[in-house]
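Take a look at the structure below.
What you see is a predicted model; the values in this text were computed from it and never measured. Throughout, a chain's letter reflects where its sequence line sits, starting with A, and its residues are numbered from 1.
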Amino acid sequence: MTKKKTPATPLLDELEKGPWPSFIKEIKKEADRPMVQDLLGVLERSYEEHIGHWKHGGLVGVMGYGGGVIGRYSDLQEEFPEVAEFHTYRVNQPAAWFYTSKALREICDIWDEHGSGLTNMHGSTGDIIFLGSKTEALEPVFKKLTEKGWDLGGSGSDMRTPSCCVGPARCEWACYDTLNACYDVTQNYQDELHRPAFPYKFKFKFAGCPNDCVASVARSDMSVIGTWKDDIQVDQAKVQEYAKAGVDIQKEVCDLCPSDCMSWDGKTLDIDNGECVKCMHCINVLSKALKPGKERGATILIGAKAPIIGGALLSAVFVPFLEMEPPYEDIKELAEAIWDFWGEHGKNRERVGEFIQRVGLGTFLDQIGLDPVPEMISHPRANPYIFFQDEVVEGAQ
Amino acid sequence: MTKKKTPATPLLDELEKGPWPSFIKEIKKEADRPMVQDLLGVLERSYEEHIGHWKHGGLVGVMGYGGGVIGRYSDLQEEFPEVAEFHTYRVNQPAAWFYTSKALREICDIWDEHGSGLTNMHGSTGDIIFLGSKTEALEPVFKKLTEKGWDLGGSGSDMRTPSCCVGPARCEWACYDTLNACYDVTQNYQDELHRPAFPYKFKFKFAGCPNDCVASVARSDMSVIGTWKDDIQVDQAKVQEYAKAGVDIQKEVCDLCPSDCMSWDGKTLDIDNGECVKCMHCINVLSKALKPGKERGATILIGAKAPIIGGALLSAVFVPFLEMEPPYEDIKELAEAIWDFWGEHGKNRERVGEFIQRVGLGTFLDQIGLDPVPEMISHPRANPYIFFQDEVVEGAQ
Amino acid sequence: MAIPDRKTDIGPPHYEKHLPPIVKKNYGKWAYHEIPEPGVLLHVAESGDKLYSVRAASPRLLAITTIRNFADLADKYCDGYLRFTSRNNVEFLLTDQKKIEPLKKELADLGFPVGGMGNAISNIVHTQGWVHCHSSATDASGVVKSIMDELYPHFVDMKLPAKLRIAFACCLNMCGAVHCSDIAVLGVHTRPPRIDHADVPKVCEVPTLVASCPTGAIRPATVNDKPSIEIEDEQCMYCGNCYTVCPAVKINNAKTDGISIWVGGKVSNARHEPMFSKLAVPFLPNNPPRWPEVVSAVKNIVEVYAKNARKHERMGEWIERIGWPRFFKLTDIPFTRYHIDDFTHAGETFKRSAQLKH
Amino acid sequence: MAIPDRKTDIGPPHYEKHLPPIVKKNYGKWAYHEIPEPGVLLHVAESGDKLYSVRAASPRLLAITTIRNFADLADKYCDGYLRFTSRNNVEFLLTDQKKIEPLKKELADLGFPVGGMGNAISNIVHTQGWVHCHSSATDASGVVKSIMDELYPHFVDMKLPAKLRIAFACCLNMCGAVHCSDIAVLGVHTRPPRIDHADVPKVCEVPTLVASCPTGAIRPATVNDKPSIEIEDEQCMYCGNCYTVCPAVKINNAKTDGISIWVGGKVSNARHEPMFSKLAVPFLPNNPPRWPEVVSAVKNIVEVYAKNARKHERMGEWIERIGWPRFFKLTDIPFTRYHIDDFTHAGETFKRSAQLKH
Ligand code: SRM
Ligand code: SRM
Ligand code: SRM
Ligand code: SRM
Ligand code: SF4
Ligand code: SF4
Ligand code: SF4
Ligand code: SF4
Ligand code: SF4
Ligand code: SF4
Ligand code: SF4
Ligand code: SF4
């Protein structure tokens, strides 16, 4: 490689100051590479001009895959030829982002050899992002990755890389095995992950309990959120210890319970479990004394997405409670039923959450083969514009 | 009048039984009139066939007015010629529906002479409804009514008959004079009431306090709901009397306060008035001890309506607090500004609540000349689809 | 625009002419009220004056004979003063406590029970039905009478957790505050309108008609060489708006019209903000003269509410506390696809959280 | 479809290969946790085993040099095991409590502070910005760095009423859970795109382009005898969706792109159901390299929240309790027409009740 000179970056240099770790320092750590020098040049230019200098161009990727690589080109190619092509890979992370130092070094070595040496750990969907690759490097990197046991994640209108919270690996509240479910689903749908064939993207996220530490309810088409059915496990002695240690049980716990189902007489914390909505708050505050119940599983919610195009959506309840045992047949059946129906009738760039709103949840359930239950709604319809089916009205012709 | 025979009405007769006052008995009280006999005949037929037998036809009314009469025709004219024409008048009720026996008899006498002798006391908008008039009777009835000091109310795309709660006439909570405001507005807009010139109907309702005993928030385009600004007046001694008499102040009052701004130590009821949302609950329960504050006025809300066409709406806050002194200039200015803008740009059959949603509340406020305040919304927008105006962004071209 | 020789635009009589002297004297100066017994409201003025209002039920559809009876009673018991309420009851305004009982007796003899106050079921706000309206999917007064005969004990008593407001409308136009009632009983059409193609060109404007449909189900079409319309049945949700603008498009249907029931609305600002009523029972048949299915469905909801709600809790507040799944369980009403909104803001009604009772 | 001679569709490595022995042993059998000090999480297993997680800040954009540093630290202090979090922090997984301090020291020397736990501000979830994305209305990492330098004390401490999650996205595509964050910082375009009419026929399909616009602002048009489009400026709200489907329609604008701030969202089900963030500040200019207006606006909101919210109250819960009018008053943020929704469900955001503080 020809050694270029790192450009002067007075504006960017400002961002090396201050206590928070600096991405400019990070970039400069790899600034012996011409590509990174040009990146700094382009970026400094953006800081001067208040505008980005990237554009999309033709689709690029690795053979046989439709997803996993985002093509990116500079619009200042003459000046900064080394970033004329500056694509990213999405490398599928291990579930819950656990790494051995060895694995990390493997990845670094591959990227050292072929790319910018810059990454995102991690992308917002969860992938390891290799930031800045020329088109010619795509295949070699892919080959080395798979040789070492790594594969690409999703992009485009495919199943996107599933992700999950740390769950049973390190959290006492996990109501199912998030890592296993995430891994299993990812492996099971390799074709859907790598070869876009849906109307638009489809994301899975697995959270072990209603705290939802992967924000699944906000950003996955299928949100799998752990929960339980039976009574919260209470160790009254430990509750008293909290009280003695200064926790105001009434104010900090009972008064904040959204279903107002707890009472505390100074000695015993009483929970009306039939009314509990499994919000986690009391368990969060009294972590040593309280635990989710023993009959565990997950609530399946569908349809979260960012605003484009009809406005952002949170996921909505689809199956109030599902047992979560490998091989997760129920989840897979549901997902496949959705993909079938949405795949056939969804419009281009229509997320499943928008699709459901367009066709109506009632119709959607019919097609998927689920019965409507009141848990799916925050309240029944207020408008009287009901589409009646023939069988409802006796005597209908 | 030729005396016809009252038809056999075995089905309707069933509805003469039971403890609740019977409308069939009422109809039969006037059954010496052929028109009423035919009404019973038509109605029995409907009960047999499970379908109504009325149709709309040409517009009918009194000279010079476009509203106040609803034209109605039977679709069984051959069989029931006396109800071939069966129109209703809407006679503008006195504010808060107070009557002297003399006034009631005046009305009855006019209706006795020219119509079915049947009424609704009152129609859902508030009018006295004369039920069942032939076309030829419209003018004479109108003449007699006005001679006695009565006039018609609204119908069609006009200002509809305003109505109000009993307010200061009999209620200790009235925060302004609902009867006076209602009367004043009605008189001031006689032309708007009688001669439809709006895109669609426009209803006023005046409620003296947030209890809203005329359901103004649900069914008026302009809802004027009394409220106050300063502290709730509390007579602590009387609060204690309630407590002694068995009212659980904590549970029945403090715990149900929507802004959670009350506390009760067994002796003093403490209200954090700055947080109070003027819901009336505490005052309702402790009526002898609590009263609205002294700085009184009204909240003006806009846009309630039934579902046709875009779905039902409740009124939305337009002016959080307005003093309500005669001659109510502010209310009138607001109403007229609304009528101007909506009158010019509203679509046919588009209520003002729908119109605001179509043009955007921001634009609407601009046109009316009101500043946006956060009291108008339950929360700011969550979607990022903002229409920016040029002045906001410095340097905009 | 006034026409000579007739008075016009005089407006209603001034309310002051109709106010009893005690009201005039204490106007705006009432101190407090009590409900000494069901149907009797006592207002005490700052002056110490006492006004007793005796509230009698009314079928709303009143014969002038009855109105004259009321006038006579008013003369006899309260110097000729009375009023009607916003829910169509009649109120006699007495200053002499001793006259209450005799008045109640006479009212009872005439068939007009007193009540509807405090934590009770007051009169059902309602509409025209088969008595007068062309759009109605059912009768109004008949259904109301049938329901109130059954709920009568809740009118004359005050044993409910809170006020319970029932409203009735005979079609989706909802003439009344039906959409915000504790219980709303609503006539519904359930089939697309039938088109009288011969009449369309005579009585309607096709573009207006096309524009009237909120779901865009109506398209212009030429039938028998004449301009008419066609309706895409699958897109029609039977709102009847096309019928309102064009009588040749007939929405009424003897076989398939019926009644739906909605719950949990309110309009007062007390405690909870005003709320819409939500669908409880999508469809019950028209079964005159007594609509037994409707009556028992309403009664069931009232009784379950009465048994389970806390003091001061309106229907909607109670349901919000226990949650809709529990409401359907307790009332034993089947939950169906019709309960799930599929109109413009449908998505806003989906449960977008894992907060659930299992 | 797999191509011979290359491995494909093998998926990610099995997570078990990456789990430290203590995790494997106690998998699913953790008893409770504590936060003994900021940035250090102690998980105690039912077996009694103790796992210390030390959480270090990360700029997310990491050089392989740094990742190798982390690998070295992991080898030195925790047998080579570490993980990243869902907010892009890095966590070292220790079994030996005594190693915490030396590790923290080495991290500090490398420039990676520990914290972000408990009632703190954790890492800002963010996106590409000018480093990589074509749609961005602003830079991502630069704004994030500027904000976190200022809010740093809230990362290393745990003195807030509750967790405070900040997210950043550089355009309306919102790559991240930006729309449900306590504070969301969002790049916005504020002018309609400019059309490169020469390029349109080359790189885009006109019908797709027309269909891409949510407000219907795009219409097909013939420009210089070639098929292109025109944009009705008044209908455009700068979402950039047209640009996503057609690069010839340029949304980026150096002069008018900028930043908006949104508040009160959350995703956890704890106490309050998940909520969207709502608009607080509609527009602030792009002012690199330090975006002082944005930094001080965010800081102001954080400080007002920190001072006024009750314990356990997330931003949105606090605002819901005090009401939006009070929020605008306390933060001194002007309320404008832009705060009022005017998109599809706008009417659902109007205040439809008289419950107000005056
Ligand atoms: C790399 C990443 C941001 C990051 O810095 O982390 C990213 C980057 C892009 N996203 Fe994203 N999205 C990324 C996670 C997300 C997320 C978060 C998530 O998945 O949890 C969302 C919100 C959740 C969701 O799916 O709705 C997200 C919502 C979008 C959208 C809007 C989708 C919508 O339905 O509203 C678009 C627009 C589109 O699809 O055309 C988009 C489009 C894009 C594109 C491909 C831009 C485009 O127009 O083609 C960006 C490429 C940037 C670049 O140059 O590298 N990206 N995008 C994230 C993926 C990394 C990874 O694989 O781990
Ligand atoms: C008589 C009355 C019902 C009653 O029995 O009391 C009534 C009767 C009719 N209403 Fe109404 N409305 C009556 C109060 C209401 C109310 C309640 C109110 O005013 O407080 C509403 C709901 C509030 C509102 O305004 O939205 C109401 C909402 C409608 C609607 C739907 C309007 C909408 O914007 O959604 C229509 C349909 C229309 O305007 O075409 C409507 C249309 C009608 C028509 C004129 C039917 C039509 O299609 O032409 C009915 C004539 C019935 C007849 O044959 O007599 N009526 N209508 C009420 C008027 C009496 C009076 O003047 O006192
Ligand atoms: C007479 C009347 C006003 C009028 O101008 O005609 C009236 C009169 C009174 N109302 Fe009302 N309300 C009247 C219709 C209403 C309505 C409108 C409606 O029902 O359509 C409402 C709103 C109902 C709703 O939210 O759906 C209404 C909501 C209230 C409330 C709030 C109840 C609640 O907790 O939600 C109170 C306070 C209370 O009862 O403690 C109240 C209280 C009162 C008081 C106690 C006010 C007073 O001090 O005089 C009056 C006697 C109440 C009673 O009957 O128990 N009034 N009241 C109306 C009687 C109708 C009837 O015949 O039954
Ligand atoms: C490590 C991580 C999961 C992972 O797989 O990476 C994690 C780990 C824990 N979370 Fe979390 N949460 C993590 C992201 C989240 C997210 C997602 C996000 O921020 O995007 C949420 C949802 C945030 C929201 O609502 O907007 C989240 C909402 C919670 C909550 C609920 C907080 C609340 O009151 O709303 C708890 C309970 C608590 O803290 O008491 C919780 C509690 C915990 C506990 C105590 C669980 C446990 O027993 O191990 C862990 C340490 C918490 C801490 O850092 O204070 N975790 N947690 C994530 C750390 C991110 C970071 O680097 O800061
Ligand atoms: S979502 Fe629940 S199980 Fe998963 S890490 Fe968070 S608190 Fe633990
Ligand atoms: S989990 Fe939530 S709803 Fe259930 S008892 Fe605890 S605080 Fe209440
Ligand atoms: S609205 Fe208020 S002022 Fe009017 S009657 Fe009802 S309680 Fe009294
Ligand atoms: S009026 Fe309502 S909000 Fe105000 S203190 Fe009384 S109960 Fe609370
Ligand atoms: S609700 Fe419908 S049918 Fe009943 S009176 Fe009103 S418009 Fe007529
Ligand atoms: S009934 Fe309503 S939905 Fe059906 S065609 Fe007529 S206007 Fe359209
Ligand atoms: S938020 Fe927009 S600009 Fe930023 S990475 Fe995502 S698509 Fe690109
Ligand atoms: S930026 Fe959005 S609103 Fe504007 S023209 Fe493009 S797609 Fe339409």
### Message
Counting the benzene-type ring for Trp, do A:His53 and D:His134 have ring centres under 6.0 Å apart?
### Response
no
### Task
Select, from D:Ala31, D:Gly11, D:Ser268, the one with the greatest count of heavy-atom pairs under 4.5 Å involving chain A.
D:Gly11
### Task
Flag the one option from D:Tyr15, D:Phe70, D:Phe276 with the top tally of heavy-atom pairs under 4.5 Å to chain A.
D:Tyr15
### Task
State whether A:Arg105 and D:Asp72 are salt-bridged, where the test is any N-O pair (Lys NZ or Arg NE/NH1/NH2 against Asp/Glu carboxylate O) under 4.0 Å.
yes
### Task
Would you please say whether a donor-acceptor pair under 3.5 Å links the side chains of D:Asp9 and A:Gln187?
no
## Note on the structure
Pair count under 4.5 Å, heavy atoms only, with chain A: among D:Leu61, D:Val245, D:Val44, D:Val267, highest is D:Leu61
### Task
Please report the closest heavy-atom contact between A:Trp20 and D:Ser58, naming both atoms and the distance.
CZ2-O, 4.1 Å
### Structural part of A:Leu15 lying under 4.5 Å from a heavy atom of chain D
both
### Query
In terms of heavy-atom pairs under 4.5 Å with chain A, which of D:Pro289, D:Ala211, D:Ser86, D:Gly240 leads?
D:Pro289
### Donor on one side chain, acceptor on other, D:Lys17 and A:Thr100, under 3.5 Å
no
## Note on the structure
What one should report as the nearest heavy-atom pair of D:Asp139 and A:Phe23 is OD2-CZ, 3.8 Å
### Task
Indicate whether the side chain of D:Asn241 and that of A:Arg349 have a donor and an acceptor atom separated by less than 3.5 Å.
yes
### Query
Side chain, backbone, both or neither: which part of A:Leu131 has a heavy atom under 4.5 Å from chain D?
side chain
### Contacting region of A:Tyr65 [heavy-atom separation from chain D under 4.5 Å]
side chain
### Summary
Among D:Glu16, D:His126, D:Glu34, the residue with the most heavy-atom pairs under 4.5 Å to chain A is D:Glu34
### Ion pair check, A:Glu139 and D:Arg6, cut-off under 4.0 Å
yes
### Task
Would you mind checking if A:Lys102 and D:Asp75 are paired as a salt bridge, meaning a charged N to carboxylate O distance below 4.0 Å?
no
### Message
Please determine whether a side-chain nitrogen of the Lys or Arg among A:Asp212 and D:Lys266 lies less than 4.0 Å from a carboxylate oxygen of the Asp or Glu.
### Response
no
### Task
Output yes when A:Asp112 and D:Arg68 qualify as a salt bridge under the 4.0 Å nitrogen-oxygen rule, no when they do not.
yes
## Note on the structure
In short, D:Leu93 meets A:Phe98 closest at the heavy-atom pair CD1-CE2, 3.5 Å
### Query
Under 30°, 30 to 60°, or over 60°: which ring-plane class applies to D:Phe84 and A:Tyr99, parallel, tilted or perpendicular?
perpendicular
### Task
Locate the shortest heavy-atom distance separating A:Ala169 from D:Val23; write the atom from each residue and the value.
O-CG1, 3.2 Å
### Task
Given salt bridge (Lys or Arg N to Asp or Glu O under 4.0 Å), test D:Lys7 with A:Glu147 step by step and report yes or no.
CA-CA 7 Å; D:Lys7 282 200 213 165; A:Glu147 270 164 16; over 6 Å; no
### Query
Between A:His50 and D:Asp257, is any side-chain donor less than 3.5 angstrom from a side-chain acceptor?
no
